Amino acid sequence: MTVLTRWEPFREFTTLQDRMNRLFRDSFGDVRDEALTTSTFAPPVDVYEDEHNITLKIEVPGIDEKDIDVRIENNTLVVHGERKFEKEEKEENFRRVERQYGSFTRSFTLPNTVDTDHVQAQYDKGILKVQLAKKAEAKPKQIKVTSEKALEGKGVSRAA
């Protein structure tokens with residue numbers, strides 16, 4: 001009796017990836033607990049722009065507002081903070097730690113249209129909102145379009 005099996009070309013890649021993961025894990029030991037308590041991370045950021053402002057929303061839950069530093073240096077917005085690992089003695093052993101701890105620094109190069117004298121930062125419910133006002137000359141201007149007949153009626157001559 002002959003048994004047919006379906007050929008899956010990517011199965012070999014999965015097996016290769018598993019072998020490589022095992023090789024690195026065995027070579028460098030299991031240091032995941034140390035890495036989670038001392039690693040750096042980069043909080044996610046949403047950037048929005050309208051005609052008046054550029055707004056950044058940075059997700060930093062579990063960090064006190066006093067532990068967040070926002071500054072502008074050489075036309076670069078720099079946000080720095082730290083989430084401290086608070087290990088409570090009364091808890092049992094950790095089974096899994098997925099949240100990242102440590103310090104972070106996010107830098108954003110600002111366009112020339114940003115007025116660095118009018119920057120606001122607000123922290124609410126784990127979201128840091130940084131609002132960068134645009135310079136007046138950078139804001140769009142509405143230009144009215146008129147017909148050529150309207151110009152001729154006003155006595156405007158056209159040079160050829």
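In this text the structure is predicted, and so the values were computed from the model without any measurement.
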Report, one line per pair, each donor and acceptor closer than 3.5 Å where one atom sits in a side chain of residues 70-81; sequence neighbours left out.
residue	atom	partner	partner atom	Å
R71	NE	D69	OD2	2.9
R71	NH2	D69	OD1	3.4
R71	NH2	D69	OD2	3.0
N75	ND2	L110	O	2.9
T76	OG1	N74	O	3.4
H80	ND1	F104	O	2.9
H80	ND1	T105	OG1	2.7

Donor-acceptor contacts under 3.5 Å from residues 114-122 side chains, at least two apart:
residue	atom	partner	partner atom	Å
D115	OD1	D117	N	3.2
D115	OD2	H118	ND1	2.7

For this session: Please step through side-chain contact (heavy atoms from CB on, under 4.5 Å) for the pair L56 and L132, ending with a clear verdict.
Result: CA-CA 8 Å; L56 287 81; L132 306 158; 3.7 Å; yes
For this session: Could you pull out all residues at least two apart from D64 that satisfy salt bridge (charged side-chain N to carboxylate O under 4.0 Å, His left out)?
Result: K66
Seminar exercise, completed: By side-chain contact (heavy atoms from CB on, under 4.5 Å), D50 pairs with (sequence neighbours left out) H52, N53
Exercise. CZ of F108 to CD1 of I54: how many Å apart, nearest 0.5 Å?
Worked result: 11.5 Å
Exercise. Residues two or more places apart in sequence or in another chain: which of them pass salt bridge (charged side-chain N to carboxylate O under 4.0 Å, His left out) with E49?
Worked result: K134
For this session: Specify the closest pair of heavy atoms between Y123 and I63, including all atoms of both residues, with the distance to one decimal.
Result: OH-O, 2.5 Å
Exercise. What residues, two or more places apart in sequence or in another chain, satisfy side-chain contact (heavy atoms from CB on, under 4.5 Å) together with P61?
Worked result: E59, R83
Exercise. Do you reckon V130 sits in the same ILVMFWY cluster as I127, going by side-chain contacts under 4.5 Å, direct or chained?
Worked result: no
For this session: May I ask you to decide if K57's main-chain N or O and Y48's side chain share a donor-acceptor pair within less than 3.5 Å?
Result: no
Problem set entry | All salt bridge (charged side-chain N to carboxylate O under 4.0 Å, His left out) counterparts of K129, not counting sequence neighbours | none
Exercise. In chain order, what residues pass the side-chain contact (heavy atoms from CB on, under 4.5 Å) check against E82, with sequence neighbours excluded?
Worked result: K84, S103
